[in-house]
Amino acid sequence: MGSTEIKSPQEMVEMPARLDEQRKKLGMFFVESDDRRTAFGRGYTGGTTPVNIRGKPIADLSKTGGWIAAFFIFGNEMAERMAYFGLSVNMVAFMFYVMHMPFTTSSDAVNNFLGISQASSVLGGFIADAYLGRYWTIAIFTTIYLGGLIGITLCATISAFVPNQEKCFGAAGIRPCVSSFGADQFDEKSKDYKSHLDRFFNFFYLSVTTGAIVAFTAVVYIQIKHGWGAAFGSLAIAMGFSNVVFFLGTPLYRHRLPGGSPLTRVAQVLVAAFKKRNASFSSSEMVGLYEVAGKHSAIKGSGKILHTNDFRCLDKAALELKDDGGNPSPWRLCTVTQVEEVKILLKLIPIPACTIILNLVLTEYLTLSVQQAYTLNTHIGRLKLPVTCMPVFPGLSIFLILSLYYSVFVPLSRRITGHPHGASQLQRVGIGLAISIISVAWAGVFERYRRNYAIKSGYEASFLTPMPNLSAYWLLIQYCLIGIAEVFCIVGLLEFLYEEAPDAMKSIGSSYAALAGGLGCFAASLLNSIIKSVTGNPKEGTPSWLSQNINKGQFDYFYWLLTVMSVINFCIFLYSAHRYKYRKDHEVGEGIMENGRHGTM
């Protein structure tokens, strides 16, 4: 096979005392091959070297990327989020008031829209990583997004049509790519790379929040003053502006080459591991764990990945045996890097999975808190805020926290943790989950007070009549707390997934966060349906906890149920975070390869 054997079982006969230890360190059985073809018929690649839009290496990196390119992406994201949140908040009211759908049905429909658009982000991430790259995926799907918004504007202005909540307007292709594409603009070989990446994700979420604030204020105002057609039309204009800003930055962007179908690589590992399931690591037929020669991997757009001892059953996909022949199929023998990609994707799953409950709570707040606000006084002096503006307050708290993050939080937390950025990525996720528990617990306490006040004041049957002596601004406590929780959890998660995901699967890694958001939306709809069926009895006239008449329901019980679920979820997160090991190296250095050591993490 023309391979350079670095460590074989035969050599270990002379070292019986160390046999068990070295069997555990499977990386010691590492083989490089000079003539193995790549799994995709391509030659060796330049790892994660950025290229221009034509796929050619960039001669002078100083003229591309960096913060200037990132600001075009911030502008694009801010306008796109304005369109997304503006559509979300208006659709609930549109279906309730115009289409005369029950409030719970309207909220479930919007939850499904949010869930589909987020969960399907995995498809967008796959397309970006496998074929189009992040730039062209964003470019194509933003155009589809714009077309969808134009369509819904026409639906709102022409009475013969009504909007369909199942249209996702291209959001699925944009969401997993924008944050990753923005992070691609920074040089990972720079000494300030970690600091730039940390600040990028904070500023990125700040642009998301700014778009949401505009949606919850200006777009709502347009709807009230000029109608639904004007409101949806303003969203289409915002999306058009988003497209223009994105395309203006084209000459400055750095790109990463798509690495071929990640699903194919995952399937090859699973099939190869299954075929060799009965092979033994101590067999005399074993040659070693397979990897291509040199410091570049066989996967386009990816550096080599160090071997780890997790999911050892998958290592059999890279187990080279003497009967594999000179040019084995990638469906029988995979590289160590390819196997480690699959391991990383599996190891990442528990962390974003622990944010599903937070996303469920965020989804419930978007609809349930609005129902609460309808029964409360929303005046500030002589100014009366529309109920649909209430979700702006979490956005304002997010904006404030992100503005003060580096001047207040980082210095204080650095003294406690000793971490250069104040807290690690997983610590920030944990802080966010902990604060969300406080938020939803307070929501239960206030709802108990609000309901009792409504009954004592004679408003039990008037659930759409505001009580003049009870201010809606008591809701600000739960809103601001959930906003702070979102900052720490989601920003930390986005940065965590980008850094930890394999080089050629960054978009898929980032889509995990959107997938968790989508599953949170679906879980909210499912939980609402279960609660309604279990706690309500229409035949006996017993209202459910989530009765449309909030004054007859038991929203407080529901919030406390969410509190219990959040506490259990937080405990699971602590366990998962404790077990997780950060990736210390994204590429195998040339010196390690020459010495024949394929270290573990």
Side-chain angles (χ1 to χ4, degrees), residues 1-40 43-45 47 265-266 268-299 302-344 502 583 585-601:
M1 184 174 177
S3 58
T4 305
E5 186 176 319
I6 294 176
K7 200 74 172 179
S8 67
Q10 289 83 349
E11 293 175 301
M12 293 174 58
V13 175
E14 301 174 0
M15 303 177 289
R18 299 174 58 192
L19 182 59
D20 292 337
E21 177 182 356
Q22 288 182 322
R23 281 177 180 171
K24 294 178 182 178
K25 305 290 187 180
L26 296 180
M28 298 296 290
F29 305 114
F30 182 73
V31 173
E32 297 179 19
S33 172
D34 294 325
D35 59 1
R36 162 73 184 268
R37 62 182 173 83
T38 69
F40 311 102
Y44 301 142
T45 67
R265 296 201 299 276
V266 171
Q268 286 172 341
V269 169
L270 298 178
V271 170
F274 179 79
K275 287 181 178 180
K276 295 184 178 179
R277 63 191 182 280
N278 296 322
S280 172
F281 291 111
S282 58
S283 169
S284 60
E285 294 298 313
M286 173 182 162
V287 178
L289 291 182
Y290 176 75
E291 182 61 275
V292 295
K295 59 183 179 180
H296 301 314
S297 78
I299 301 169
S302 173
K304 286 184 177 178
I305 305 176
L306 292 172
H307 173 264
T308 66
N309 288 323
D310 301 307
F311 300 104
R312 293 179 64 181
C313 59
L314 295 178
D315 283 324
K316 292 189 176 182
L319 182 62
E320 185 173 8
L321 304 176
K322 292 180 179 178
D323 61 357
D324 279 332
N327 195 22
S329 165
W331 293 93
R332 177 173 175 80
L333 181 62
C334 303
T335 65
V336 168
T337 294
Q338 190 175 340
V339 172
E340 291 301 320
E341 279 190 328
V342 179
K343 289 184 182 180
I344 290 171
R583 287 180 62 192
D585 298 285
H586 291 267
E587 295 182 358
V588 177
E590 185 176 0
I592 295 177
M593 303 304 296
E594 291 175 350
N595 293 333
R597 295 181 180 272
H598 194 48
T600 58
M601 286 185 251

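These numbers were taken from a predicted model, which means no experiment stands behind them. When reading the values below, keep in mind they use all heavy atoms of this one structure, side chains included, and skip hydrogens, waters and symmetry mates.
- To the nearest 0.5 Å, atom CD of residue Glu341 and atom CG of residue Leu314 are 12.5 Å apart.
- Rounded to the nearest 0.5 angstrom, Leu319 CG and Arg312 CZ are separated by 11.5 Å.
- Summarising the geometry, atom CG belonging to Leu306 is positioned 8.5 Å from atom OG1 belonging to Thr337; distances are rounded to the nearest 0.5 Å.
- Phe281 contributes atom CZ, which lies 6.5 Å from atom CG of Leu289 (distance to the nearest 0.5 angstrom).
- Atom OH of residue Tyr290 and atom CD of residue Gln338 lie 10.5 Å apart, to the nearest 0.5 angstrom.
- Among residues two or more places apart in sequence or in another chain, the salt bridge (charged side-chain N to carboxylate O under 4.0 Å, His left out) test is passed with Lys343 by Asp315, Glu340.
- Every pair passing side-chain hydrogen bond (donor to acceptor under 3.5 Å, both in side chains) that includes a residue from residues 270-280 is listed here, sequence neighbours excluded: Lys276-Asp324, Ser280-Ser282.
- Residues meeting the side chain to side chain contact (heavy atoms under 4.5 Å, CB included) test with Ala317, sequence neighbours left out: Val269, Ala272, Ala273, Cys334, Val339.
- Under the 4.5 Å side-chain criterion, counting only non-hydrogen atoms from C-beta, Lys316 is not in contact with Phe274.
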